Structure formats: C-alpha cells, structure tokens
Number of protein chains: 2
Amino acid sequence: MLLNKRLSAALGARTCQALRYRKHGEPTEVVKLEQVDLPTVGEHDVLVKILASPINPSDINMIQGTYAILPDLPAVGGNEGVGQIMEIGSKVKSLKLGDWILPKDAGLGTWRTEAVVAEDAVISLAKDIPLLCAATLGVNPCTAWRMLSDFEELKPGDSVIQNAANSGVGQAVIQIAASRGIKTINVIRDRPEFTQLSDRLKAIGATHVIREEELRRPEMKELFKTCQKPKLALNGVGGKSATELLRHLHYGGSMVTYGGMAKQPVIVPVSALIFKDVKVKGFWITQWKKNHSNDVRAFRTMLDELCGLIRKGKLTAPVCAELGLQDYRKALNAALQPFTSAKQVLIM
Amino acid sequence: MLLNKRLSAALGARTCQALRYRKHGEPTEVVKLEQVDLPTVGEHDVLVKILASPINPSDINMIQGTYAILPDLPAVGGNEGVGQIMEIGSKVKSLKLGDWILPKDAGLGTWRTEAVVAEDAVISLAKDIPLLCAATLGVNPCTAWRMLSDFEELKPGDSVIQNAANSGVGQAVIQIAASRGIKTINVIRDRPEFTQLSDRLKAIGATHVIREEELRRPEMKELFKTCQKPKLALNGVGGKSATELLRHLHYGGSMVTYGGMAKQPVIVPVSALIFKDVKVKGFWITQWKKNHSNDVRAFRTMLDELCGLIRKGKLTAPVCAELGLQDYRKALNAALQPFTSAKQVLIM
C-alpha cells in the first residue's frame with residue numbers, strides 16, 4: 001500500500017477521499033475515511049465530483065454483509081447520490097461538463113469526494129432541483145414511481161393502500177399518487193403523535209391515514225363508501241400488516257412487497273389467491289435498474305416526471321440531516337438508530 | 001308441492017330424478033333423491049340425459065354452505081359430468097342430437113338423470129373417449145392444463161414442481177407435462193406405501209417423486225444437477241409445504257395455488273418476493289370458465305388437446321368407484337372420508 005501511494009504520488013496520480021471498508025461488519029467499526037487513488041479518465045469515462053450522498057438502510061446492510069448483493073472488498077460505501085461532471089473522456093456523447101448525474105445502478109460507491117466512472121454507469125439530471133431532492137431521488141421516489149406504474153393500471157379516482165406510509169417510499173407514494181389523482185389509504189403504527197403525523201401526511205396529499213389496528217374494524221366499511229377498494233397494495237412491512245392490506249384489496253388486485261421492516265414473512269390466505277385472484281409480487285429498484293441498463297429511455301421518462309413534480313413543489317425531499325464526509329461516524333451512528341426520523345446525507 | 005306434482009302430471013310435464021338439497025348442512029342429511037319437474041325445451045335449449053357425474057370436494061363444500069359460490073335453494077348437487085343431447089330446440093346451432101356435452105360452468109346441478117339447459121351452458125365433446133374420462137374431464141384436467149399454460153412459458157426440458165402430486169389435479173399435471181416434454185418434481189407426504197405410489201406416478205410420467213421432508217435436504221442439490229430449477233410451482237396444499245416449493249423456484253418464477261388441503265395460509269418470505277422476484281398467484285377453474293363463457297374457442301382448444309391425450313393413452317381417468325343414483329348416500333359417505341383413494345362417480 002505504502003509503495004502504491006508513493007508510486008501514485010511519483011506518477012502524479014490523483015486521489016480522492018472515500019469511506020471504505022475492507023471487511024464486512026458493524027459500519028462504525030469497519031468503515032474508514034481513506035485516501036483512494038483515482039484511475040485516469042478513459043475515452044468513455046467521466047470524472048465526477050460527488051455533491052451529496054445519503055445513507056440508506058441497504059447501504060448499512062451491504063456493509064454488514066447481509067444484503068442480497070455485496071461488492072468485492074475493499075469497497076467504498078454508498079449507492080445513491082448526485083454528482084457533477086468535472087472531466088470528460090474524448091468519446092463521451094451523452095454527458096457534458098457541469099452536468100449533474102445519478103448512478104444508473106447500485107454499487108457505484110458514492111460516499112467519496114470524486115469518482116471516475118464509465119459514461120454508461122450514470123444518467124444526467126436536471127440541475128434546477130434542490131440538491132437534497134437530487135441526492136435522494138434515485139431510490140425511494142423511483143421505487144414509488146415504478147410500483148405505481150408497473151403493476152396495475154391506475155386511473156384517477158382509483159385507490160392504493162400502503163403500510164409504512166411514513167417511510168421514504170411511503171411519502172413518495174403519497175405525493176406521486178396525489179399528482180395522478182389516485183387516492184391513498186395510508187396505514188401507520190399507532191403512536192402518541194399520531195394526529196400530527198396524520199396531518200403532515202395529509203398535507204402532502206394523503207387521502208386517508210389510519211392506524212394499523214383500524215384495518216380490522218367495521219369503520220373501514222365507512223371509508224369504502226367514498227373510496228374505491230384499492231387495486232394495488234404496497235407493502236414495506238410484511239407479517240400481519242401485509243395480510244391486513246390483502247383483506248381490503250380489490251378482486252384481482254396486486255400486493256407489491258418492497259420491504260420487510262417487521263422481519264416477518266408475508267402470509268397469504270389461500271382463499272384470497274383462489275377466490276379473490278390477488279397477486280402477490282415483489283419489487284426491487286436495484287433489479288429494475290439492472291434490467292433496464294440498456295434502455296435509458298425508461299429511466300429518463302421516470303426522472304423527467306419526478307423532476308417535474310419537484311419543480312411544482314409536489315414531490316419534496318425527506319427530512320434530512322446534512323453532515324460532512326469527516327463526520328461519517330456520527331452519520332453512520334444516527335443511521336443505525338431504529339426509527340430515525342431524518343435521513344443522513346453526506347455533503348462533500 | 002303435492003298440488004304442483006298433480007298439476008305437472010295433469011299437464012303431462014316431464015320429470016327427472018335428482019339429488020336435491022333444500023338447506024345447507026351435512027350432505028348425507030340434507031341431500032335427498034327427488035322427482036323434479038323438467039321445464040319444456042325452449043328454442044335455444046337442449047334436453048340432456050346425464051350419463052355420469054363425479055362427487056368432487058367442491059360439491060361437498062357447496063352443500064355444506066362453505067364454498068365461495070353457493071346456488072339458490074333448493075338446488076340440485078353436482079357441478080361436473082358428461083351428458084348426451086336427447087332433444088334439441090329449433091334455434092340451437094352448436095349442438096346436435098346424440099352429442100356428448102360438458103357443462104361450460106359450475107352450478108348446473110349434474111346429479112340428476114336429465115336436465116333442460118340453454119345451448120350456451122354446455123359445450124360438445126368427442127364421444128370416442130371413455131365415459132369416466134369424459135365425466136371427470138371438466139375440472140381437474142382442465143385446472144392442470146390451464147396452470148401449465150397460462151402462467152409461465154414452459155419449453156420442453158423446463159421443469160415444474162408440485163405438491164399434492166397424487167391428487168386428481170396432480171396426476172393430470174404429471175401426464176399433461178410429460179406429453180409436452182416438461183419435467184415434473186412431484187412432492188407427496190411420506191407414507192408406508194411410498195415406493196408403490198412413487199412407482200405408479202413415475203409410470204404415468206412423473207420425472208421425480210420426493211417426500212415433503214426431502215425438500216429441505218442437501219440431496220435436492222443433486223436433483224438440480226440434472227433438472228432445471230422449476231419456473232412454475234403448483235400448490236394444492238398451503239402452509240409449510242407451499243413455502244418449501246418457493247425455496248426451489250427459479251428466479252422470477254410463479255407459484256400458483258389452486259387448493260389448500262392443509263387449511264393453512266401460504267407463507268412467503270419477503271426476500272423471495274424482493275430479491276428472487278417470485279410471483280404468488282391463484283387459479284380457480286370456475287372463474288376461468290366464467291371469464292371465458294363467451295369465448296368457446298379457448299375451451300375448445302383445451303378440450304381438443306385433452307381428448308387427444310386421452311385417445312393416445314397419455315391422460316387417464318382417476319381411480320373411480322361407480323355407483324347408481326339411488327346409492328347416493330353410500331357415494332356421499334365415501335366422498336366425505338379423508339384420504340379417499342377413489343373418486344365417487346354417479347352413473348345414471
């Protein structure tokens with residue numbers, strides 16, 4: 001390593017700062033702020049200055065070694081974020097100096113000051129949206145957008161039911177659905193500040209906000225007098241909560257699972273499958289991006305609509321805590337707390 | 001009632017014998033053999049002599065009042081069977097005297113000697129197949145055929161995994177899959193006569209027959225060295241058995257539930273939905289028939305292929321016990337026993 005560094009210095013190779021881990025384990029123990037060499041910018045590459053990058057639960061699981069995909073080690077943490085093009089290879093066509101970009105796929109390692117990446121690995125983004133919106137656009141709002149678009153044909157007046165309605169995905173679902181005239185039935189766990197949270201979710205467009213326990217009560221019949229039975233249920237929790245969503249699903253509807261906060265499986269009554277023809281599926285934005293890596297148009301259409309909503313104030317960034325790269329321990333610690341209300345975002 | 005009968009007789013109205021129930025309850029108590037009036041044969045109707053009609057589990061549940069669809073009472077039992085056209089209305093086009101027919105939908109009430117039905121309610125069937133094959137063709141083989149055709153695109157060499165492999169649907173799945181060059185991994189509960197049953201299922205085309213407990217063992221890896229991971233899992237059981245099928249499903253594959261013998265829900269790990277993209281769906285032949293009641297071609301294509309297989313000896317009737325209509329108590333009693341090995345068929 002020392003030799004490498006000396007060699008780099010002798011050759012005038014550039015370096016950047018990066019949050020890197022050499023083995024899987026607890027993030028606060030294995031992640032270190034290191035000086036990392038930057039490769040030269042090839043014909044088809046760009047040099048990107050990372051502007052801001054959030055700490056997502058999947059980043060944490062990836063470092064812990066428990067996630068479904070794991071990078072080769074040593075690896076730089078982080079999968080989401082916004083960067084700006086500072087240098088450009090001679091054969092790069094789709095990007096220009098100064099462009100903002102998002103990673104097209106997971107695994108880029110965004111917790112760093114700079115990165116040299118292939119043109120194909122990133123997609124440009126409008127620069128007239130707030131930095132924190134851009135930094136947190138690629139995972140949660142994209143997940144919400146796809147789930148509202150790819151599983152059931154929803155028309156204005158149709159409804160969607162979701163649990164974890166207060167999560168990043170949940171809030172994006174509320175806002176995107178509202179912009180399309182789709183009603184949302186939002187389920188959250190009971191809590192002392194239920195009314196405040198309910199008001200906040202309604203302020204961003206939620207049609208109904210109900211406690212998980214209410215799903216089993218006769219009052220639900222009242223709700224469905226003015227609201228269609230949902231064709232789509234979005235499940236970020238699993239366990240009993242998911243079963244309750246199924247109970248209210250329209251005949252032939254779909255439940256899409258994107259998370260499992262309760263760490264319990266999805267339990268589906270046989271009768272719901274046979275006699276109610278419900279479909280139980282899953283969604284993973286990382287896989288969607290991989291499947292569409294050669295089809296930029298689909299990604300572009302989604303980003304254009306999302307940026308349009310942001311400009312109109314119809315899609316807002318989650319509550320964020322902004323920290324410098326050197327404060328990474330504090331940021332990781334905060335991200336590791338259960339029920340953190342603010343998303344930790346590293347500002348480079 | 002007495003007046004009606006006298007009136008019928010006076011008007012020379014025809015009657016038939018039928019197994020009718022006036023209230024829901026235990027089949028052996030509520031079902032009675034009765035003389036039932038036959039309406040006159042209208043322009044668009046046919047008079048059908050029922051030749052043979054099986055007692056299916058769904059018939060029993062319908063009488064008990066626990067099934068998903070229930071007829072108006074009083075009702076004649078039975079939903080499946082083969083009949084022959086004895087009289088024909090002047091405007092009937094798709095049927096002729098002497099034709100064999102199957103009900104196009106559930107709810108006909110097939111446990112009777114004769115019935116007057118609308119032309120649209122029945123579909124003609126080749127007469128050169130064995131009577132017991134014809135009588136039991138409309139539910140189980142049709143369920144098997146559709147599940148192998150409508151959910152995943154299966155090519156020769158692909159594989160399907162199923163539990164309840166010894167059931168009526170299970171045996172039809174084995175035979176139809178074998179005729180298409182599709183391998184079947186057949187799961188049955190352990191039992192003293194496992195080897196005999198395994199041999200019997202292999203004799204009709206099963207590729208692999210395994211005990212439910214074996215699904216968790218490392219030996220399964222050996223099996224998948226020579227057999228592709230299944231794209232399709234067929235679940236007639238539910239509970240743990242269904243979860244075990246999911247474990248072996250190919251990435252992106254579908255599990256289709258058509259029954260719930262274990263009376264337990266289907267339990268789906270969240271990771272299977274998100275990271276393995278499995279789809280969990282249901283199938284109900286009654287609903288399929290309802291959805292396709294105006295599209296005879298789809299039904300015809302299926303019946304043609306099934307009859308072709310029967311003629312070639314590639315699709316056989318289940319083991320049947322044949323009884324006369326007057327022996328209905330004995331037949332119902334036998335059908336009510338758990339684990340009956342023979343299907344009870346009423347011969348009129």
Side-chain angles (χ1 to χ4, degrees), chain A residues 57-58 61 66-70 106 143 147 150-151 163-164 169 233-243 246-247 249 251-288 290-291, chain B residues 57-58 61 66-70 106 143 147 150-151 163-164 169 233-243 246-247 249 251-288 290-291:
Chain A
S58 54
N61 297 150
T66 59
Y67 201 58
I69 47 166
L70 298 174
T143 298
M147 293 197 300
D150 295 348
F151 291 88
N163 55 24
V169 171
L234 303 178
N235 168 40
V237 179
K240 255 196 298 187
S241 173
T243 313
L246 279 175
R247 174 197 301 275
L249 204 55
Y251 176 90
S254 296
M255 180 166 81
V256 181
T257 294
Y258 66 90
M261 280 187 349
K263 297 197 187 300
Q264 282 168 2
V266 172
I267 297 162
V268 190
V270 165
S271 60
L273 293 168
I274 301 180
F275 302 127
K276 216 172 137 184
D277 197 29
V278 303
K279 295 157 194 82
V280 178
K281 301 178 177 180
F283 181 75
W284 189 25
I285 190 69
T286 300
Q287 191 61 48
W288 184 89
K290 225 182 273 299
N291 295 349
Chain B
S58 53
N61 297 149
T66 59
Y67 201 58
I69 47 167
L70 297 174
T143 298
M147 292 197 299
D150 295 349
F151 292 88
N163 55 23
V169 170
L234 302 177
N235 168 41
V237 179
K240 255 196 298 187
S241 174
T243 313
L246 279 174
R247 176 197 300 275
L249 205 54
Y251 176 90
S254 295
M255 180 166 83
V256 181
T257 294
Y258 65 91
M261 280 187 348
K263 297 196 187 299
Q264 282 167 2
V266 172
I267 296 161
V268 189
V270 164
S271 60
L273 292 168
I274 301 181
F275 302 127
K276 216 173 138 184
D277 197 28
V278 303
K279 295 157 194 83
V280 178
K281 300 178 179 182
F283 182 75
W284 189 25
I285 190 70
T286 300
Q287 191 60 48
W288 185 89
K290 225 181 274 299
N291 295 349

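By convention in this document, chain letters (A, B, ...) are assigned in the order of the sequence lines, proteins followed by strands, and residues within each chain are numbered from 1. Keep in mind that the numbers below use all heavy atoms, side chains included, and drop hydrogens, waters and symmetry copies. All values derive from a computational prediction rather than experimental measurement.
Atom OG of A/S254 sits about 8.0 Å away from atom NZ of B/K281, to the nearest 0.5 Å. Between the CD atom of B/Q287 and the CG atom of A/D277 there is a distance of 7.0 Å, given to the nearest 0.5 Å. Separating the CZ atom in B/F275 from the OG1 atom in A/T286 is a distance of 8.0 Å, to the nearest 0.5 Å.
Of the listed residues (B/V256, B/V280, B/V270, B/I267), the one with the most heavy-atom contacts under 4.5 Å to chain A is B/V280. Taking B/G238, B/A242, B/G259 one by one and counting their heavy-atom pairs under 4.5 Å with chain A, the maximum is reached by B/G259. Among A/T257, A/I69, A/T243, the residue with the largest count of heavy-atom pairs under 4.5 Å with chain B is A/T257.
Only the backbone of A/V278 comes within contact range of chain B, judged by heavy atoms closer than 4.5 Å. Heavy-atom distances place the backbone of A/Y258, and not its side chain, under 4.5 Å from chain B.
Nearest heavy-atom pair, A/V268 versus B/V268, reported as atom, atom and distance to 0.1 Å: CG2-CG2, 4.2 Å. Closest non-hydrogen pair, A/I274 versus B/W284, comes out as O-CB, 3.5 Å.
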